[in-house]
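Structure first, then comments.
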Amino acid sequence: VDHQKDVVTRRTRYDLNKTEERAHIVAGLVLALANIDEVIKIIKESADKFVAIAKLTETFELDEKQANAILEMRLQRLTSLEVEKLREELAALEATIADLKDILAHESRVMAIIRGDLIDIKNRYPSPRRTEISVDYGSIEEAVSAAMDRLVGAYSLVISSPSKLIAVRDPHGFRPLCMGRLKDGSVVFASESCGLDAVGASFERDLLPGEIVVADKNGVKSDRSHCGIAPRRLCVFEFIYFARPDSFVFGEQVYQCRKQMGWQLAHESTPDVDFIMPFPDSGVYSAVGFAQCAELPYEHAMIRNHYVGRTFIQPTQSMRNFGVRVKINPVRSMIEGKKICIVDDSIVRGTTMITRVKKLRELGAKEVHIRISCPPVKFPCFYGIDFASRGELIAAKYSLPEITKMLDVDSLHYLSIDGLLRSVMQSDSYCLACFDGNYPVPCRESGKLRLECGGWCGRPVARKVNSR
């Protein structure tokens, strides 16, 4: 019930904000209609659009959005019927605003909405047999759309039925999802464009946040009824680490974004060193940008064992420690007596970095400086990146000087959030929760093992799989 109350409250607030925005614009239009002769005179006497907006805002005490809407509407061309419809719309909007505010002010109304939802669910799902779900809705895409009304969080889905392929992206757009086509015209979906390259498909477009795309023998249909109901919050960590550098994600080339992070990092802090080196492979592309900006030599003094996977997502500390030891081996002749700047993408727990710096010290490095091409990771992610709990995150527990001492390095600098956002195009559309703790979808930390046997719910989980 608490979760449902939170969902209803957030949706009501969102609806209220959108309704107030529209009412604000319409109120400006209605005011202008009441003074139409003066408005037309101002527009005719103005040298350009910007002068007209300035005069309208000053004369009628409007803001720029209202003034811009007046110019775009071309009020002098409206019929009397259209003018009356605008006035009716304003009255309806004001009534809606009052009703939405009343819902937020009275918990009983929120509970009534929840009860209505639950009755609706019960009517639509009279038995647990999943075949009845699609029968009740008429089609599987209608069932998917109805499910999205109740789903909260991050998801990108590809759903297969006997005759259709359905792709779904959550309204915030946390995770990427794109569409391509094979040479025979068949539709392909993938989370990254490199997946399309692997099967010989050409990239067509990204799915919009909240979009449902249905591909069948009749072609491709798009349902955008869930688009725009929530602010865009794309995962910026896709660019930092998660996505492959040869992919296009959220409309941008990952390789170029990582290089730009290196450039921004070099602008913020470049140490006096003999050369720049990455910790492969995740730090390579930022290190290239850093070295180019700083005009310093770029060297590969660490060689990666490509038969070892990513260590930060290993489930236990002992597995992560072992993975770090065998993952990368230094080129000894490049290390001894040298001042080195290491560029890496991130520090999560610190496990990897502590081990590698210790190895460099043992091999006789004169100085070791570290530059990280993302801000300090201080908060866990609940939207698809398997970070540790906050208690395990090194930047959440220690200050910058303390981390510098723990790593045994001569200097340490993280890329600022401003520098990170300068490295991407849609700077106001990204989720930065792992850096600043501002979660777009509220959630409580309960550990990644909460669904395992003896986990969060406290009851064992059935292991047997029904073969049907």
Side-chain angles (χ1 to χ4, degrees), residues 154 233 235-242 261 264-265 268-269 271 278-279 282-283 286 309-325 327-328 341-361 367-421 430-450 452 455-456:
R233 288 298 177 263
C235 175
V236 77
F237 216 80
E238 293 281 352
F239 290 118
I240 294 167
Y241 178 83
F242 218 52
M261 291 172 196
Q264 296 294 336
L265 185 59
E268 291 183 3
S269 177
F279 276 155
S282 56
S286 298
R310 293 173 168 176
T311 57
F312 95 101
I313 58 174
Q314 294 291 342
T316 66
Q317 187 64 44
S318 60
M319 292 176 70
R320 290 191 289 269
N321 289 339
F322 175 76
V324 169
R325 288 196 300 273
K327 186 174 183 178
I328 291 181
C341 177
I342 299 164
V343 177
D344 206 1
D345 64 293
S346 59
I347 301 177
V348 180
R349 298 176 181 86
T351 305
T352 301
M353 194 62 72
I354 290 172
T355 303
R356 290 175 181 174
V357 171
K358 182 179 179 182
K359 187 70 173 179
L360 293 174
R361 293 294 192 190
E367 292 181 13
V368 178
H369 302 264
I370 292 178
R371 298 295 180 265
I372 302 299
S373 60
C374 82
V377 178
K378 296 182 178 181
F379 302 88
C381 174
F382 303 104
Y383 310 134
I385 304 291
D386 190 13
F387 281 161
S389 63
R390 193 176 184 203
E392 295 178 272
L393 299 173
I394 192 170
K397 297 190 294 181
Y398 304 104
S399 65
L400 184 65
E402 289 172 329
I403 298 172
T404 305
K405 185 176 180 180
M406 289 175 64
L407 298 179
D408 189 25
V409 294
D410 295 276
S411 71
L412 169 65
H413 181 81
Y414 290 91
L415 180 64
S416 65
I417 290 180
D418 286 342
L420 175 64
L421 294 178
Y430 286 97
C431 173
L432 304 171
C434 53
F435 308 128
D436 60 15
N438 293 323
Y439 292 101
V441 178
C443 47
R444 61 193 178 98
E445 186 173 339
S446 54
K448 65 183 180 183
L449 300 177
R450 62 190 178 277
E452 299 296 327
W456 177 59

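Checking side-chain atoms of Thr355 against main-chain N and O of Thr351 turns up a donor-acceptor pair under 3.5 Å. At distances below 3.5 Å, not a single donor-acceptor pair connects side-chain atoms of Glu367 with backbone N or O atoms of Asp410. Distance alone, capped at 3.5 Å, places no donor-acceptor pair between the Arg233 side chain and the Ala433 backbone. A donor-acceptor contact shorter than 3.5 Å links the side chain of Tyr383 to the backbone of Val441.
Note that the OH atom of Tyr414 and the CZ atom of Phe435 stand 11.0 Å from one another [nearest 0.5 Å]. Separation of atoms OG (Ser286) and CD (Gln264) is listed at 11.5 Å; rounding is to 0.5 Å. If you take CE on Met353 and CD1 on Ile342, they are separated by 6.5 Å, rounding to the nearest 0.5 Å. Separating the OG atom in Ser411 from the CD1 atom in Ile370 is a distance of 8.5 Å, to the nearest 0.5 Å. Once rounded to the nearest 0.5 Å, the distance linking CG of Leu415 with OG of Ser346 reads 12.0 Å.
Residues Cys374 and Ile240 share a closest heavy-atom pair of CB-CD1, 3.6 Å. Met261 approaches Ser373 most closely through the heavy-atom pair SD-O, 3.8 Å. The minimum heavy-atom distance linking Tyr430 with Cys235 is given by the pair CD2-C, 4.2 Å.
Environment of NZ in Lys397: crowded, with over 12 heavy atoms of neighbouring residues, nucleotides or ligands closer than 6.0 Å.
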Under 3.5 Å, which donor-acceptor pairs link side chains of residues 400-407 to any protein atom two or more places apart or in another chain?
from: Glu402; atom 1: OE1; to: Ser399; atom 2: N; distance (Å): 2.8
from: Glu402; atom 1: OE1; to: Ser399; atom 2: OG; distance (Å): 3.2
from: Thr404; atom 1: OG1; to: Leu400; atom 2: O; distance (Å): 2.8

For Cys434 and Phe237, run side chain to side chain contact (heavy atoms under 4.5 Å, CB included): C-alpha distance rounded to whole Å, both residues' side-chain angles, the deciding distance at 0.1 Å, then the answer. CA-CA 9 Å; Cys434 53; Phe237 216 80; 4.3 Å; yes

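Val348 is not listed as a side-chain neighbour of Ile394, based on a closest heavy-atom distance of 4.5 Å or more. With a 4.5 Å cut-off on side-chain heavy atoms, Leu393 and Lys378 do not count as touching. Annotation: side chain of Pro271 is in contact with side chain of Arg371 (closest heavy-atom distance under 4.5 Å). Asn438 has its side chain out of reach of Leu432: every pair of non-hydrogen atoms, C-beta onward, lies at least 4.5 Å apart. Residues Phe239 and Leu420 fail the side-chain proximity criterion, which asks for heavy atoms closer than 4.5 Å.
Across Tyr241, Phe242, Phe279, a single residue satisfies side chain to side chain contact (heavy atoms under 4.5 Å, CB included) together with Asp345, and that is Tyr241.
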